[in-house]
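Worksheet: the structure to be examined is printed underneath.
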Amino acid sequence: MSETTTPIVTIASIGQYEGQTVTLRGWLYNIRSSGKLLFPTFRDGTGTIQGIVPKAAVPEQVFETLKGLQLESSLTVTGKVRADSRAPSGYELDVENVEVISAVSAEEPFPITLKEHGVDFLMEHRHLWLRTPRQSAILRVRASIMRAASEFFDTDGFIRTDPPILTPNACEGTSELFEMDYFDNDKAYLTQSGQLYIEATALALGKVYSFGPTFRAEKSKTRRHLTEFWMIEPEVAYLELDGLMDLAEGFISHIVTRVLEQHRADLKVIGRDVAKLEAIIARGPNGERVPFPRLAYDDAHVMLEKAYAEGKIENPHKYGDDFGSPDETYISSQFDKPVMVHRYPAAIKAFYMQPDPADPTKALCVDVLAPEGYGEIIGGSQRVDSYDLLKQRIEDHDLPLAAFQWYLDLRKYGSVPHSGFGMGIERAVAWICGLDHVRETIPFARTLNRIYP
Ligand code: 4AD
Ligand code: MG
């Protein structure tokens, strides 16, 4: 038993203990030596800190233990906290004692070293890769994005209602469904979105949201697609498209505000240019809120035609088609803030979207495109509220009417205009952290080619 009464602290809070002797519980992240001096770096999940171990100043056994220790061995360290302006965390630890909890064998050293590894190798070792400072920082930011997202709705009268994950029908098209047997002769599908179910809870409770895992059997290998991802979806009775866009704008602004408040140090570890994030919430000269740009599909098309004529994009955009990712990148590059593209052609959007009364070939929908080429982070719409039109749409899309009878009931009993959207957490994390690929935004990414570890 150790007889010390030193406080056990975290690296993140170590600044409060300057000049005191404290104990950290963590792992050996790195170690350098220069003759009679060792410079171990410790990590504990909240950050990293460098220790100083002069041979002359510590018991012989402490020096020898650390010197022979493999990276990622677990240990507790006792030492005195010293402010050091050159240290990334602002502090260093004058090590007095160490206790090894579990030593990594020299025969099988930790596979991830500080040198560069290929992405395939890292993904194969994702369970260990998570320990590196950058990956840990991303997961901390992810957690705060999720917390801020729920907080936004929780503090604005929304009720969280959790939809089922096993469903009898498709929500977002039938080509990307994970199908399974559900007992005798029945099929079930992993949910693609909680939307249809929270339309029911919205008509019960007014303002609701859902937050959970969603699944798409995406056959595409892109930097934006996972087969399992987390979506947060608000749904509001009596809300129309303009109000929905206001909601999306407030929601994104809140999340970015919280991340900037809480994660400057993590964003630095990740290498994010925070000025780009500050621009999202930047106010006007008189402190007024500056709205996100709103762009009709038709106007976005004109913008792309002009860009093509000027040689700024490689391929022309065909009117009526969805935007390709170079198109989205170009559109978003025209603005500092996320851009809300609304009123896409109904033909390329989901069956449940309300037609625009001013032009029924268009849907009352919105895609929010993140800046810097991150593409769509939010998709949403006003929903069809007429029973007859919705039934027609289900039939036109060759969807099984029986499975949607309950959904049609919502239009039979007190139907009202209502709207909602979904934001994919991983897309939001990729954008906010400035990452190349969504695979680093979730602890264990599920993609077309990977379901291990
Ligand atoms: O645009 P989507 O398909 O919309 C819906 O699912 C609606 N039912 C949501 C609603 O109105 N309640 O998906 C919404 C968001 C996208 O904008 C994107 O952020 C994310 O979900 N998303 C994906 N994220 C990662 N991998 C995928 N394969 C994704 N597919 C969609
Ligand atoms: Mg979409």
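If you're wondering where the values come from, they're calculated on a predicted model, not measured in any experiment. Whatever order the structure lists them in is the order used to number ligands and atoms, beginning at 1.
- Residues Asn169 and Tyr407 have side chains that never bring a donor and an acceptor to within less than 3.5 angstrom of each other.
- Interface atoms of ligand 1 facing Gly420, defined by a heavy-atom separation under 4.0 Å, are 11 (O).
- Exactly one residue among Val104, Thr41, Leu71 makes a side-chain contact (heavy atoms from CB on, under 4.5 Å) with Leu28. That residue is Leu71.
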> For Arg411 and Asp385, what are the C-alpha separation, side-chain angles and deciding distance, and is it a salt bridge (charged side-chain N to carboxylate O under 4.0 Å, His left out)?
Replying inline: CA-CA 6 Å; Arg411 280 69 183 172; Asp385 53 47; over 6 Å; no
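- Formation of a donor-acceptor pair under 3.5 Å by the Arg393 side chain with backbone atoms of Met353 is found in this model.
- Considering only non-hydrogen atoms, atom 19 (O) of ligand 1 lies nearest to Ile377 out of Ile377, Leu369, Ile442, Thr222.
- Atom 11 (O) of ligand 1 has as its closest protein heavy atom Arg383 NH2, 2.9 Å.
- Ranking the protein heavy atoms by distance from atom 17 (O) of ligand 1 puts Glu376 OE2, 2.6 Å first.
- When hydrogens are left out, the protein atom nearest atom 22 (N) of ligand 1 is Phe229 CE1, 3.4 Å; that is the closest non-hydrogen contact.
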> Phe251 and Phe421: ring pair (Phe, Tyr, Trp, His ring centres under 6.0 Å), yes or no, with the steps?
Replying inline: CA-CA 11 Å; Phe251 175 67; Phe421 64 72; 5.6 Å; yes
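- Atoms of ligand 1 found under 4.0 Å from any heavy atom of Met231 (numbered from 1 in listed order, with element): 6 (O), 14 (C), 21 (O).
- The pair Lys207-Asp156 meets the salt-bridge criterion, since a charged nitrogen lies less than 4.0 angstrom from a carboxylate oxygen.
- The option from Glu233, Arg216, Glu176, Glu199 that lies nearest to atom 9 (C) of ligand 1, judged by heavy atoms, is Glu233.
- Among protein heavy atoms, the minimum distance from atom 15 (C) of ligand 1 is reached at Gly422 O, 3.6 Å.
- Cation-pi geometry between Arg289 and Phe292 is not met: the NZ or CZ atom fails to fall both under 6.0 Å from the ring centre and inside 45° of the normal.
- Counting heavy atoms closer than 4.0 Å to ligand 1, residue Thr214 contributes nothing at all.
- Residue pairs meeting the side-chain hydrogen bond (donor to acceptor under 3.5 Å, both in side chains) criterion with at least one member in residues 273-288, sequence neighbours excluded, are Arg264-Glu278.
- Less than 4.0 angstrom separates some heavy atom of Gly379 from each of these atoms of ligand 1: 1 (O), 9 (C), 10 (C), 11 (O), 17 (O).
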> Given the rule in the salt bridge (charged side-chain N to carboxylate O under 4.0 Å, His left out) test, do Glu235 and Arg160 qualify, once you have shown the distances and angles that lead to the verdict?
Replying inline: CA-CA 10 Å; Glu235 190 72 30; Arg160 176 170 169 164; over 6 Å; no
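- Close approach of ligand 1 to Glu218 is summarised as follows: ligand atoms under 4.0 Å from at least one heavy atom of the residue are 28 (N).
- Neighbouring protein atoms of the Mg ion (ligand 2) (N, O or S, distance under 2.8 Å, waters ignored): Glu376 OE2.
- Distances from ligand 1 to the non-hydrogen atoms of Arg446 include no value under 4.0 Å.
- Look at Lys412 and Asp409 and you find a salt bridge, because one of the NZ, NE, NH1 or NH2 atoms lies within 4.0 Å of a carboxylate O, short of that distance.
- Side chains of Glu72 and Arg43 form a contact here, defined as non-hydrogen atoms less than 4.5 Å apart.
- Side chain to side chain, Gln195 and Tyr352 meet the donor-acceptor criterion of an N or O pair below 3.5 Å.
- Across Thr447, Thr441, Leu226, Asp367, heavy-atom proximity to atom 26 (N) of ligand 1 is greatest for Leu226.
- At the top of the distance list for atom 18 (C) of ligand 1, counting protein heavy atoms only, stands Arg427 NH1, 3.4 Å.
- Taking the six-membered ring for Trp and the full ring otherwise, the centers of Phe323 and Tyr297 sit less than 6.0 Å from each other.
- When side chains are defined from C-beta on, Pro326 does not count as touching Ile313, because their heavy atoms never get closer than 4.5 Å.
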> Could you go step by step and tell me if Asp298 and Lys362 meet the side-chain contact (heavy atoms from CB on, under 4.5 Å) rule?
Replying inline: CA-CA 10 Å; Asp298 282 3; Lys362 298 283 169 24; 3.3 Å; yes
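- Remark: minimum distance from atom 25 (C) of ligand 1 to any protein heavy atom is reached at Arg224 O, 3.5 Å.
- Listed by number with element, the atoms of ligand 1 under 4.0 angstrom from any heavy atom of Gln195 are 7 (C), 8 (N), 10 (C), 11 (O), 12 (N).
- With respect to Arg86 and Glu92, no salt bridge is recorded, no charged nitrogen being found less than 4.0 Å from a carboxylate O.
- Of the listed residues (Glu426, Glu235, Glu172, Met353), the one carrying the non-hydrogen atom nearest atom 5 (C) of ligand 1 is Glu172.
- For Trp431, no heavy-atom contact with ligand 1 is shorter than 4.0 Å.
- Those atoms of ligand 1 with a heavy atom of Tyr352 less than 4.0 angstrom away are 7 (C), 8 (N).
- Every atom of ligand 1 is numbered from 1 in the order shown, and the set under 4.0 Å from a heavy atom of Phe421 is 10 (C), 11 (O), 12 (N).
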